[in-house]
2 protein chains.
Amino acid sequence: MSDRRTEILRAATRVISRRGVRGLRVAELAAEAGVSASLIYYHFTDRAGILRETLEFIGERADRYTAAAGSDAAGDPRAELAQILLLELQDTAEVRENSTAWGELRASAVFDPDLREDLARATHTWVHEIAYLLGRAHPSGTAPAHAAAAERLTALLEGLSVRWLSGSLPLDHARRLLGGAIDAELRNLQRVHSG
Amino acid sequence: MSDRRTEILRAATRVISRRGVRGLRVAELAAEAGVSASLIYYHFTDRAGILRETLEFIGERADRYTAAAGSDAAGDPRAELAQILLLELQDTAEVRENSTAWGELRASAVFDPDLREDLARATHTWVHEIAYLLGRAHPSGTAPAHAAAAERLTALLEGLSVRWLSGSLPLDHARRLLGGAIDAELRNLQRVHSG
DNA sequence: GTCTATAACCTGATAGAC
DNA sequence: GTCTATCAGGTTATAGAC
């Protein structure tokens with residue numbers, strides 16, 4: 001599917017990563033996609049439609065590369081976990097675009113209750129995946145312990161990601177901090193089990 | 001200092017906590033403050049000036065209540081640490097306003113390089129304070145270990161805070177997760193020291 | 001210092017031709 | 001499906017009276 005519609009969605013992802021969800025202007029998106037503004041309204045009805053479909057598009061793309069990364073290290077749950085989490089802290093156009101858009105979606109939801117339900121569901125899915133991997137890495141731990149560790153790791157990742165993107169934290173430093181947290185959570189699950 | 005100018009800054013804090021930095025409209029701020037729009041321009045020159053001074057105002061207010069909280073538990077570094085960090089996860093108007101505005105400042109800086117320098121400096125100061133308290137709680141640890149723990153705890157706090165404000169995480173749950181992370185970081189400093 | 005009125009601009013959205 | 005106008009409404013910022 002590489003039609004005009006998809007081109008516009010790709011362009012919207014780039015514009016959002018540059019200007020933010022709230023900084024997206026239909027005219028700028030039109031210029032970025034090389035089409036007229038009214039064509040965008042033809043395909044997406046209104047600004048909210050552009051945003052809704054673009055965020056969906058970004059979500060699908062993120063799922064794809066998360067799945068791809070997982071399969072790289074299949075069989076070693078600890079490596080798989082580290083790989084999937086550290087994947088979000090990389091200076092490539094695709095990761096930057098996705099992380100930026102995700103952060104914007106989160107930040108926008110603080111002021112826009114309409115976005116909260118989708119966001120909470122996506123967050124829950126994401127936490128659940130990580131909890132599952134923690135469970136495979138430490139099958140003896142309890143499910144609540146896995147869930148808490150997954151919530152801490154993903155929340156930390158979001159915090160580090162926005163610090164990186166906002167210029168408060170160099171990328172390699174953020175990666176080291178996240179790596180340290182993964183090790184600490186795994187040690188912690190070990191400790192709870194043996195204690 | 002409780003003059004018109006300060007009243008406007010207080011009103012701006014409320015509007016930002018309701019609409020976001022990028023959702024602030026001068027007309028709405030004027031209504032909130034009970035003054036005319038042009039009076040705002042008289043005092044703050046332009047929209048950027050309003051934002052700049054308001055964010056400064058919020059920073060000072062946060063410093064004040066952080067300092068106040070620290071003195072409550074003075075003498076017990078561990079309790080002081082927990083108190084200061086958990087202070088940011090409370091459902092009071094003031095904390096909500098500050099957390100919301102801080103999150104917005106962070107989110108805006110992703111797209112506005114002008115904000116980055118101030119933000120990085122404020123972040124550094126904040127991390128440094130927490131590292132200092134960790135050092136007092138575990139004087140035997142190394143400075144880099146304290147710094148890393150402080151960076152993880154403050155980044156986690158920011159991540160949990162925005163999840164709370166965006167409706168993905170109940171407040172009491174966020175508090176428990178942060179409390180668990182504080183304990184884990186302190187245990188970790190212990191482990192590094194004895195290992 | 002503070003107001004009312006308004007200029008100047010920007011942005012989302014639509015009409016209508018092709 | 002795609003374009004070129006263009007409108008309607010909202011927003012920043014200024015002029016000028018008091």
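Values in this document were obtained by computation on a predicted structure and should not be read as measured data. Numbers restart at 1 for each chain; the letters A, B, ... are given by sequence-line order, proteins then strands.
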All heavy atoms of A:Ile58 vs all of A:Ala101, minimum pair found to be CD1-CB, 3.3 Å

Would you call A:Arg78 and A:Asp183 a salt bridge, using N to O less than 4.0 angstrom?
yes

Near DNA chain C, which residues from residues 34-41 of chain B have a heavy atom under 4.0 Å away?
B:Val35, B:Ser36, B:Ser38, B:Leu39

B:Arg96 versus B:Ser17: any side-chain heavy-atom pair under 4.5 Å?
no

Kindly write out the residues that satisfy side-chain hydrogen bond (donor to acceptor under 3.5 Å, both in side chains) with A:His173, not counting sequence neighbours, or none if the list is empty.
B:Glu151

For a 4.0 angstrom threshold against heavy atoms of chain A, report the outermost contacting nucleotides of DNA chain C in 5' to 3' order.
C:dT11 to C:dA15

Looking just at side-chain N and O atoms, do A:Glu158 and A:Trp102 make a donor-acceptor pair shorter than 3.5 Å?
yes

Pair A:Glu104 + B:Arg22, salt bridge at N-O below 4.0 Å
yes

DNA chain C-proximal residues of residues 42-55 of chain A, any heavy atom under 4.0 Å:
A:Asp46, A:Arg47

Mark yes when over 12 heavy atoms from residues, nucleotides or ligands other than A:Glu117 sit less than 6.0 Å from its CD; otherwise mark no.
no

Any pair with a residue in residues 119-133 of chain B that passes side-chain hydrogen bond (donor to acceptor under 3.5 Å, both in side chains), sequence neighbours left out, goes on the list, sorted by first then second residue, please.
B:Arg106-B:Thr123, B:Asp118-B:Arg121

Please check if any side-chain donor atom of B:Asp3 sits under 3.5 Å from a side-chain acceptor atom of B:Thr6, or the reverse.
yes

To the nearest 0.5 Å, atom CD of A:Glu88 lies from atom CZ of A:Arg175 at 11.0 Å

Scan residues 14-32 of chain B against DNA chain C and write down, sorted by residue number, each residue with any heavy atom closer than 4.0 Å; if none is found, say none.
none

Donor-acceptor under 3.5 Å (B:His146 side chain, B:His138 main chain)
yes

Taking atom types as modelled, is there a side-chain donor on A:Arg163 or B:Thr154 under 3.5 Å from an acceptor on the other?
yes

